[in-house]
K.L.:
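I'd like to ask some things about the structure below.
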Amino acid sequence: MTLQIRNLKTDQNWKQMRSLPLRSPLQIRTELASAMQKALAEKFQEDIPDVEILPSRNLSFGDLACNSAMPLAGKLKRSPRDIAAVMADSVSSGFSQVEKVSIDGPGFLNITLSGEYLAEFTVAVASGGIGQFIPSQGTGKTALVEFVSSNPTGPLTVGHCRQAVLGDAVSRLLEAAGWTVQREYYFNDAGRQMDKLAESLAVRYMGLLGVSMDIPEGGYQGGYIKEWAGELRKDKGDLLKWPDEKDLFREYAGEKAFVLISDDLKLLGITFDRFFAESELIPDAVEEAIGLLRRKELVYEDSDDPRKIWLKLSEMDRPEDRVIMREDGTYTYRMPDIAYHLNKFRRGYDLVVDIFGSDHIDTCKDVEAVLGELLGKDDVSSRLRTILHQFVTLVRGGEKVKMSTRAGNYVTLREMISEVGSANVVRYIFLTRRAEAHMDFDLEAAVAENEDNPVFYVQYAFARIAGILRKTTDPESLVVRDPGRLISILTGERERDLMRLMETVPLRISAAASALEPHRIPDILAEIARAFHGFYQHHRVVDPDNDETTAARLTLCIAVRSTLSDLLKILGVHAPEKM
RNA sequence: GCGCCCGUAGCUCAGAUGGAUAGAGCAACGGACUUCUAAUCCGUAGGUCACAGGUUCGAAUCCUGUCGGGCGUGCCA
């Protein structure tokens with residue numbers, strides 16, 4: 001059944017009806033703060049520090065709160081309430097966006113936003129989305145986000161999964177804040193682990209030919225290597241020799257691992273702009289970096305063997321010196337890492353984000369210290385941001401599952417997604433936790449929870465709106481353009497609550513982006529979904545007997561849909577039209 | 001030993017630069033489907049914010065110490 005809407009008042013003159021041009025949430029807060037600051041400076045003839053306007057913690061007080069009167073009390077030698085009164089006077093008139101200002105408690109200033117402003121905002125979101133109001137901190141700037149970067153020696157595990165989801169969400173969050181983001185995976189194809197992998201492959205290959213070889217110490221034992229061995233035999237025949245054709249084994253294993261990892265990432269819908277191969281850096285870029293360090297006298301030769309080279313980390317506020325080149329001329333992992341980071345910085349990004357597991361703490365601090373010496377500490381500290389996420393403890397039926405790639409005893413990303421049953425659910429669960437918080441992921445609980453998972457709560461709100469919109473023809477054309485008309489109809493508490501919640505979204509996205517904390521997004525989503533479900537339950541949207549109300553509520557629904565959709569997009573979680 | 005992270009409701013976790021009565025989801029209990037999707041809503045219950053000091057108008061948040069857990073402290077990555 002489709003409802004026809006008719007006899008709507010024209011609102012083509014809505015632009016002229018506005019008293020003020022629409023301000024963004026940020027502009028309003030800035031203007032209010034500066035008005036208050038100016039009033040204080042004039043009244044007390046003192047330098048007044050920036051006044052901060054924050055969202056109210058408790059909505060019964062209003063929409064915005066300011067507590068600046070209290071810290072100022074000492075300096076101005078007045079009571080906080082007197083100071084707050086001066087601030088209140090400066091904004092209680094002259095701002096069409098402000099409905100009410102009150103002074104409560106010891107000296108809190110509480111501001112209630114006007115319905116007209118909220119309606120204006122809602123109209124704008126319904127027609128142009130929430131994105132236009134996100135402070136564009138990243139416009140014209142570029143960011144490089146490095147994540148996953150797991151050794152190409154096997155399938156991605158649950159730990160990589162957390163990092164993959166986190167890195168992707170951080171990238172999306174930065175993009176939402178206007179940044180141009182490059183996603184990069186550092187492909188560690190030159191180290192000793194690749195030799196181990198090649199040898200492990202050779203063991204399985206020879207095994208197929210009836211030749212027994214010992215698995216090397218620290219070798220890989222995953223079942224996938226047996227599969228590769230079978231394919232290798234099919235591709236290349238039975239005549240390969242170890243170690244004569246070591247390079248072939250190595251290359252074959254590397255290619256297989258790359259495909260494995262790419263396929264795993266596809267399960268999550270994650271793509272990279274570039275896989276940066278460590279081997280590209282060897283030897284030129286690494287030698288150049290060592291040369292730079294040499295010129296700054298930050299390296300020295302080993303007293304026993306001059307071919308071995310040490311890095312003077314102890315002179316860079318780090319605990320101890322480290323070897324960067326072994327006697328045999330090979331590099332330890334720190335050296336290519338340094339060369340890689342040098343390369344990243346030279347590419348000129350405004351922001352370089354590294355995402356690592358917490359086991360990289362020491363290494364990344366060493367790399368950061370070295371970069372500081374080579375490029376200048378200020379440059380490095382202003383451009384480099386490192387996110388160290390804690391590990392996932394995987395639990396199945398109350399029992400901890402040990403994870404170790406090399407022992408072949410681990411749960412893969414693939415298995416996890418398959419067991420939980422949905423990449424969307426996995427993404428959402430991972431992204432609800434802060435990166436630096438430990439995380440217990442109980443597979444059985446995740447599956448059991450599947451039915452009433454928080455992600456479905458949010459998706460369902462979106463799907464409900466889609467359902468409502470299906471009841472009308474061309475709902476977009478019904479969007480109310482006149483804020484005054486909108487607010488005269490949307491008078492319910494739940495309707496206002498939705499509008500004021502949406503009004504906080506742009507600044508919260510921006511704050512989450514600045515902090516590189518995507519875990520704040522699910523909170524916002526849940527709040528909006530909750531407000532919407534409450535609204536839905538209590539207000540009929542499509543009402544054949546009331547076109548005006550229908551149009552106004554549809555406008556609200558369209559704004560909410562757009563907001564939910566943009567927020568879900570940051571998490572990389574699907575917004576379904578139907579459930 | 002030393003370095004980094006963590007400790008908030010029965011469980012899993014939020015609490016942006018210190019603010020008013022510490023929140024949500026699951027789990028528990030009681031209600032609501034003749035309706036645009038009940039995968040929902042409304043209500044109840046649940047807390048010494050690990051512990052002890054300190055800083056100040058005010059602390060889950062900052063500082064110190066203690067206890068407990070994770071990771072690191074490899075010429076593995």
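Note on naming: letters A, B, ... go to the chains in the order of the sequence lines (proteins, then strands), and numbering restarts at 1 for each one.
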K.L.:
Check the distance between B:A20's P and A:Leu59's CG and give it to me in whole angstrom.
P.N.:
13 Å

K.L.:
Do we count A:Tyr457 as stacking onto B:G25 if the rule is ring centres under 5.5 Å and planes under 30°?
P.N.:
no

K.L.:
A:Asp104 and A:Ser102: side-chain donor and acceptor closer than 3.5 Å?
P.N.:
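Yes, side-chain donor-acceptor contact under 3.5 Å.
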
K.L.:
Holding to side chain to side chain contact (heavy atoms under 4.5 Å, CB included), I want the full list of residues that pass it with A:Leu26, two or more places apart in sequence or in another chain.
P.N.:
A:Ser24, A:Thr30, A:Pro135, A:Leu507

K.L.:
Can you list everything that forms a ring pair (Phe, Tyr, Trp, His ring centres under 6.0 Å) with A:Phe441? Sequence neighbours excluded, please.
P.N.:
A:Phe430

K.L.:
Quick one, which residues of residues 317-327 of chain A touch RNA chain B with a heavy atom under 4.0 Å?
P.N.:
A:Glu320, A:Arg322, A:Val323, A:Arg326, A:Glu327

K.L.:
Quick check on B:C33: syn or anti? Syn means the glycosidic torsion is within 90 degrees of zero.
P.N.:
syn

K.L.:
A:Glu52: what forms a salt bridge (Lys or Arg N to Asp or Glu O under 4.0 Å) with it, not counting sequence neighbours?
P.N.:
none

K.L.:
Which part of the nucleic acid, if any, lies within reach of A:Lys196 when heavy atoms closer than 4.0 Å are counted: base, sugar-phosphate only, or nothing?
P.N.:
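Here A:Lys196 touches no strand at all.
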
K.L.:
By side chain to side chain contact (heavy atoms under 4.5 Å, CB included), which residues pair with A:Asp523, not counting sequence neighbours?
P.N.:
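Once residues adjacent in sequence are excluded, A:Asp523 has no partner under the side chain to side chain contact (heavy atoms under 4.5 Å, CB included) criterion.
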
K.L.:
If stacking means aromatic ring centre less than 5.5 angstrom from the base's six-membered ring centre, planes under 30°, is A:Phe108 stacked on B:G19?
P.N.:
no

K.L.:
Counting heavy atoms from C-beta on, name the nucleotide in B:A20, B:C36, B:C5 closest to the side chain of A:Glu436.
P.N.:
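Within the option list, the nearest is B:C5.
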
K.L.:
Please write out the pairs of protein N or O atoms and N or O atoms of nucleotides 56-63 of chain B separated by less than 3.5 Å, giving the distance to one decimal.
P.N.:
| from | atom 1 | to | atom 2 | distance (Å) |
| --- | --- | --- | --- | --- |
| B:A60 | N6 | A:Arg57 | NH1 | 3.4 |

K.L.:
Reckon A:Gly105 touches a base, only the sugar-phosphate, or nothing at all at heavy-atom distances under 4.0 Å?
P.N.:
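No contact.
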
K.L.:
Output every pair passing side-chain hydrogen bond (donor to acceptor under 3.5 Å, both in side chains) with a member in residues 62-72 of chain A, not counting sequence neighbours, ordered by first then second residue.
P.N.:
A:Asp63-A:Arg496

K.L.:
Does any part of the side chain of A:Ser358, heavy atoms only, come nearer than 4.5 Å to the side chain of A:His389, both counted from C-beta?
P.N.:
no

K.L.:
Can you give me the dot-bracket string for RNA chain B, 5' to 3', counting Watson-Crick and G-U wobble pairs with both distances under 3.5 Å, using [ ] for crossing pairs and | for partners on another strand?
P.N.:
(((((((..((((.....[...)))).(((((.......))))).....(((((..]....))))))))))))....

K.L.:
Closer than 3.5 angstrom, by distance alone: can the side chain of A:Ser56 be matched with the main-chain N or O of A:Phe61 as a donor-acceptor pair?
P.N.:
no

K.L.:
Would you confirm whether the ring centroid of A:Phe356 sits within less than 6.0 angstrom of the ring centroid of A:Phe147?
P.N.:
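No; A:Phe356 has its ring centre 6.0 Å or more from that of A:Phe147.
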
K.L.:
For A:Tyr428, which residues count as a ring pair (Phe, Tyr, Trp, His ring centres under 6.0 Å) partner, sequence neighbours excluded?
P.N.:
none

K.L.:
Write out a two-atom table: protein N or O, nucleotide N or O from nucleotides 67-70 of chain B, distance below 3.5 Å.
P.N.:
| from | atom 1 | to | atom 2 | distance (Å) |
| --- | --- | --- | --- | --- |
| B:G69 | N2 | A:His438 | NE2 | 2.6 |

K.L.:
For the pair made of NE2 in A:His360 and P in B:C76, what is the distance, rounded to whole Å?
P.N.:
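Distance, rounded to whole Å: 14 Å.
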
K.L.:
By ring pair (Phe, Tyr, Trp, His ring centres under 6.0 Å), which residues pair with A:Tyr186, not counting sequence neighbours?
P.N.:
A:Tyr340

K.L.:
Taking the side chain of A:His538 as its heavy atoms from C-beta onward, which of B:U73, B:G15, B:C42 lies nearest to it?
P.N.:
B:C42

K.L.:
Can you list everything that forms a side chain to side chain contact (heavy atoms under 4.5 Å, CB included) with A:Lys365? Sequence neighbours excluded, please.
P.N.:
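For A:Lys365, the residues satisfying side chain to side chain contact (heavy atoms under 4.5 Å, CB included) (neighbours in sequence not counted) are A:Arg318.
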
K.L.:
Would you say the base of B:A20 and the side-chain of A:Asn110 have a donor-acceptor pair closer than 3.5 Å?
P.N.:
yes

K.L.:
Nearest to the side chain of A:Ala65, which nucleotide is it out of B:A39, B:U35, B:A20?
P.N.:
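The closest nucleotide is B:A20.
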
